[in-house]
Every structure is written in C-alpha cells, then in structure tokens.
Amino acid sequence: MELIFATNNANKLEEVQAIVGERFIIKSLADIGCTDDIPETGVTFEENAQQKTDFLVNKYGLYCFGDDSGLEIDALGKEPGVFSARYSGTRDMEKNIDLVLEKLGDNANRVANFRTVISLYLNEQQHFFEGTIEGRIITERRGSGGFGYDPIFIPNGYSQTFAEMTPAEKNQISHRAIAVQKLTDFLRERYS
Ligand code: IMP
C-alpha cells in the first residue's frame, strides 16, 4: 500500500520508511509532483498536521500522513509552540534561540517539552499520533549536532543536550520517534 508523507524532508522520509518496513511504500510530496506551499495556519500542532493531510486528500484523494512539531516552554505559556520555526519572525535558528533565552532570562522554571503530532488519513478515517519528550532549557547553547532548539534542550534523565547526542541516541528517545513508532505500531497491527 502507498502512503504519502506530506514532507520533502529526506531524513524524515527515510526514518519513517525504515520503521514501517516494506508493507507500506512511503512517498514524498516531490514523488507525487506536489509543489504547493501547503498552508500551516493552525494554532495547534493537531490543526497544522491535519491541514497537511486535508490538503492532500482534497487535491489528490490519496491516503497520507503529515506531522507538525515544536518546542513548548512552560514559563512562556507553551511558546514557541506552533511558531517554533519562525519564533523571532525569521527562520534563523540563532535568532530564535536567542529570543527564547532572552524571554526566559534567569527564570528558575526551565521546564519544557518537544511535541510532535502526526495526522493520518487512511480508509476514510482520521487518526492522530502524538509523541512528547519532557526536559528543560539551559541558559546557554551546548553541542553542535541536531537542529533547531537542540543545543538548549536537555531531556529528563540525561545530562547532555539533544545537540550533544549522536543522531542515533536522539532518534531513540525523541518526540518524533515516539509519534512515528505509534503510527508504525498502528499500521502494523491493522495491515500486517
Ligand atoms: P517541524 O514541524 O518538524 O518542521 O518542526 C518545526 C520547528 O520546531 C522546527 O523548525 C524546529 O525549530 C522545532 N523543532 C521540531 N523538532 C525539533 C527537534 O527535534 N529539535 C529541535 N527543534 C525542533
């Protein structure tokens, strides 16, 4: 069975294909010739993820899934949340991290989490899968791996930031990995 993943991120695509195995062929937006800028105007991860699948279902009538993720910081009222990619008004992650550190200042409450929501549209039904990892925001950057807010996030139970971990270490515990595993378990249970 073919499933379209509403992304052109090759890393995400490979990661999901590796986990779901050969029972499903996962195709990207580029694979189906979709060059549209799919709207992401929701105020929740669920809305944004579903906007992606709604768009593909309406335009192509294909079974598909899409994800949306971000960083939620308790002391900032769960910001940057859906604005994670452009928190400072630009996609410049240096500026986005600076803004987070500036807003937090010396606040002792550094509690934060990353969250991913996956929307799946399959057999005329809508499903959601969620992955969350809890942790805290440190006061200055550490590490050079990963992407986004990884240099300032330490997951609970660890002493390294996501940016100090190897990709394999991060991918075992990340919010995205948890959500993808739930999607995969669901597909395996129903379709193998
Ligand atoms: P996306 O929905 O997965 O593209 O994520 C949106 C934004 O959230 C990214 O541009 C990053 O700023 C942030 N983000 C999501 N996942 C991660 C992660 O694993 N590490 C660091 N930042 C992340």
Side-chain angles (χ1 to χ4, degrees), residues 5-16 19 26 28-30 36-56 64-73 76 78-104 110-120 128-138 140-156 158 160-183:
F5 186 1
T7 187
N8 277 322
N9 181 323
N11 291 328
K12 283 189 186 177
L13 205 72
E14 264 174 42
E15 185 184 330
V16 175
I19 302 179
I26 310 293
S28 69
L29 293 175
D36 297 281
D37 209 3
I38 302 178
E40 265 186 69
T41 55
V43 295
T44 63
F45 297 124
E46 284 79 1
E47 283 173 15
N48 279 341
Q50 191 176 348
Q51 273 185 342
K52 296 178 188 177
T53 49
D54 282 352
F55 183 90
L56 293 180
C64 54
F65 62 97
D67 69 336
D68 195 43
S69 329
L71 175 66
E72 298 180 313
I73 301 174
L76 303 183
K78 293 289 185 186
E79 282 187 6
V82 289
F83 307 111
S84 291
R86 302 179 54 92
Y87 194 40
S88 65
T90 78
R91 288 191 169 272
D92 182 339
M93 280 316 298
E94 292 306 311
K95 290 193 177 140
N96 292 335
I97 288 179
D98 282 344
L99 183 57
V100 162
L101 294 179
E102 187 191 312
K103 283 200 176 192
L104 270 178
R110 319 292 297 188
V111 173
N113 63 273
F114 277 114
R115 197 152 70 88
T116 294
V117 174
I118 294 176
S119 158
L120 168 71
F128 289 102
F129 306 92
E130 186 188 298
T132 303
I133 180 149
E134 307 284 342
R136 66 192 161 89
I137 302 297
I138 54 174
E140 46 194 40
R141 296 163 172 82
R142 272 175 29 199
S144 55
F147 72 101
Y149 298 93
D150 282 349
I152 55 167
F153 180 82
I154 298 185
N156 287 347
Y158 293 81
Q160 292 176 309
T161 66
F162 264 172
E164 291 175 310
M165 296 182 179
T166 64
E169 281 170 333
K170 180 187 166 188
N171 288 339
Q172 273 195 347
I173 59 170
S174 81
H175 48 306
R176 195 169 299 99
I178 294 167
V180 167
Q181 192 60 57
K182 287 182 185 171
L183 167 74

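Counting starts at 1 for both ligands and their atoms, in listed order. Counting from 1, the numbers follow the sequence of the chain as shown. Values below: every heavy atom of this structure, side chains too, minus hydrogens, waters and symmetry copies.
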Please list, in number order, the atoms of ligand 1 under 4.0 Å from a heavy atom of [X].
X    : answer
G70  : 8 (O)
D68  : 2 (O)
R176 : 3 (O), 15 (C), 16 (N), 17 (C), 19 (O)
K12  : 1 (P), 3 (O), 4 (O)
M93  : 12 (O)
A85  : 7 (C), 10 (O)
G148 : 21 (C), 22 (N)

N or O contact, K170 vs ligand 1, cut-off under 3.5 Å:
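Min N/O separation from ligand 1 is below 3.5 Å for K170.
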Examine K52 against ligand 1 and note whether any of their N/O atoms are separated by less than 3.5 Å.
no
Indicate yes or no: does R115 engage E130 in a salt bridge with an N to O separation below 4.0 Å.
yes
Do the charged groups of K95 and E102 touch, with an N to O distance under 4.0 Å?
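Judged by the 4.0 Å cut-off on N to carboxylate O distance, K95 and E102 do not form a salt bridge.
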Please answer whether the main-chain N or O of T132 pairs with a side-chain N or O of N113 as donor and acceptor at a distance below 3.5 Å.
no
Residue, atom name and distance, where the atom is the protein heavy atom closest to [atom]:
atom                    : answer
atom 8 (O) of ligand 1  : S84 CB, 3.3 Å
atom 2 (O) of ligand 1  : S69 N, 2.9 Å
atom 20 (N) of ligand 1 : D150 OD1, 2.6 Å
atom 17 (C) of ligand 1 : F147 CZ, 3.4 Å
atom 12 (O) of ligand 1 : Y149 CE1, 3.3 Å

Heavy-atom pair of closest approach, residues P39 and Q51
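Closest approach of P39 to Q51: O-OE1, 2.9 Å.
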Salt bridge (Lys or Arg N to Asp or Glu O under 4.0 Å), paired with E164, selected from R142, R141, K170
R142
Look at ligand 1 and say whether G146 reaches it with a heavy atom at a distance under 4.0 Å.
no
Can you tell me if F162 has a non-hydrogen atom under 4.0 Å from ligand 1?
no
Quick check: do [X] and [Y] have side-chain heavy atoms less than 4.5 Å from each other?
X    : Y    : answer
L71  : Y87  : no
I178 : F114 : no
I26  : F65  : yes
T44  : V117 : no

Return the CZ to CD distance between F45 and E40, rounded to the nearest 0.5 Å.
10.5 Å
